[in-house]
Visitor: 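So that we are looking at the same thing, I have put the structure below in structure tokens.
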Amino acid sequence: AQSVAQPEDQVNVAEGNPLTVKCTYSVSGNPYLFWYVQYPNRGLQFLLKYITGDNLVKGSYGFEAEFNKSQTSFHLKKPSALVSDSALYFCAVRDGTDWVTGGGNKLTFGTGTQLKVEL
Amino acid sequence: DAGVTQSPTHLIKTRGQQVTLRCSPKSGHDTVSWYQQALGQGPQFIFQYYEEEERQRGNFPDRFSGHQFPNYSSELNVNALLLGDSALYLCASSLTREWGLEQYFGPGTRLTVT
């Protein structure tokens with residue numbers, strides 16, 4: 001079984017300050033990790049992913065995330081937050097061996113973290 | 001390049017009724033997944049279709065069924081609707097041969113059961 005924990009329901013940050021949204025995961029095989037963002041009454045928009053390689057991955061809109069295997073974490077970061085970054089952020093994990101063993105590529109999501117960036 | 005499209009946008013049904021939701025994948029994608037997102041929750045995986053067959057299924061009852069057509073589009077059917085089925089239903093598509101490819105999500109169908 002795979003699972004994702006997002007320990008913070010809400011993160012508040014001032015515009016221009018750095019932001020971090022936390023995520024930890026559990027998966028039996030190789031972790032494929034994703035961050036998605038959701039704006040009100042909208043679907044999910046892909047931000048970035050970790051599949052393999054460099055532990056620091058860069059994504060859309062200046063976001064980046066650091067994969068830490070020993071801590072089973074994949075925290076989302078941005079050096080300077082914007083008011084327009086205010087949205088609901090979801091971390092998701094996939095078992096990278098699933099497809100090889102005949103399974104699919106289902107995503108397991110966390111409960112989401114509401115990011116609020118204020119002036 | 002058209003993204004993932006879903007129809008209808010909103011739907012109101014009564015308990016006990018049946019509903020069909022539709023999804024067209026992103027151009028070039030061959031795999032479709034369905035997720036249920038209840039209010040204030042993260043999306044929950046329902047099932048995934050590839051080559052017109054259900055390849056993977058989450059913990060949802062048999063009232064939830066689906067279909068994939070030769071053009072890769074998909075339908076989600078829910079029978080005997082319950083109040084608890086009220087949610088945003090998201091369709092996502094991906095490309096099988098690209099194992100590491102992210103799933104692309106549609107805007108969702110908001111289902112309200114009264």
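Here is how names work: the chains are called A, B, and so on, in the same order as the sequence lines, proteins then strands, and each is numbered from 1.
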Visitor: Is the number of heavy atoms from other residues, nucleotides or ligands within 6.0 Å of CZ (A:Phe109) greater than 12?
Guide: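 Enclosed: over 12 neighbouring heavy atoms sit under 6.0 Å from CZ of A:Phe109.
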Visitor: More than 12 heavy atoms of other residues, nucleotides or ligands under 6.0 Å from OH of A:Tyr61: is that the case?
Guide: no
Visitor: Name the member of A:Thr111, A:Leu88, A:Leu107 that forms the most heavy-atom pairs with chain B at distances under 4.5 Å.
Guide: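 Between A:Thr111, A:Leu88, A:Leu107, the count favours A:Leu107.
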Visitor: Does atom CD1 (B:Ile12) have a neighbourhood of more than 12 heavy atoms from anything else shown, all under 6.0 Å?
Guide: no
Visitor: Considering all heavy atoms of both residues, which atom of A:Asn105 and which atom of B:Ser94 are nearest to each other, and what is their separation?
Guide: ND2-OG, 3.4 Å
Visitor: List the atom of B:Leu88, the atom of A:Gln38, and the distance in Å for their closest heavy-atom pair.
Guide: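 Smallest heavy-atom distance, with atoms named: CD2-NE2, 3.9 Å.
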Visitor: Output the distance between atom NZ (A:Lys49) and atom CD (B:Gln103), rounded to the nearest 0.5 Å.
Guide: 11.0 Å
Visitor: Is it the case that more than 12 heavy atoms not belonging to A:Gln114 sit under 6.0 Å from its CD atom?
Guide: yes
Visitor: Tell me whether A:Tyr36 contacts the main-chain N or O of B:Phe105 through its side chain, where contact means a donor paired with an acceptor under 3.5 Å.
Guide: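 Flag not set: sc A:Tyr36 to bb B:Phe105 has no pair under 3.5 Å.
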Visitor: Please rank A:Val4, A:Leu44, A:Asp9 by heavy-atom pairs under 4.5 Å with chain B and give me the top one.
Guide: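 Most heavy-atom pairs under 4.5 Å with chain B: A:Leu44.
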Visitor: By a 4.5 Å heavy-atom criterion (distance strictly below it), what part of B:Gln6 contacts chain A: side chain, backbone, both, or neither?
Guide: neither
Visitor: Could you look at B:Phe47 and say if it's the side chain, the backbone, both or neither that has a heavy atom under 4.5 Å from chain A?
Guide: neither
Visitor: For the CG atom on B:Leu39, are there more than 12 heavy atoms of other groups (residues, nucleotides or ligands in this structure) within a distance under 6.0 Å?
Guide: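 No, the 6.0 Å shell around CG holds no more than 12 heavy atoms from other groups.
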Visitor: Tell me, out of B:Pro43, B:Gly106, B:Gly108, who's got the most heavy-atom pairs with chain A below 4.5 Å.
Guide: B:Pro43
Visitor: When rounded to the nearest 0.5 angstrom, what distance separates CD in B:Glu102 from CZ in A:Phe34?
Guide: 7.0 Å
Visitor: Does atom NZ of B:Lys13 have more than 12 heavy-atom neighbours from other groups under 6.0 Å away?
Guide: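 Buried by this count: over 12 neighbours within 6.0 Å.
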Visitor: Counting only heavy atoms not in B:Asn71, do more than 12 sit closer than 6.0 Å to its CG atom?
Guide: yes
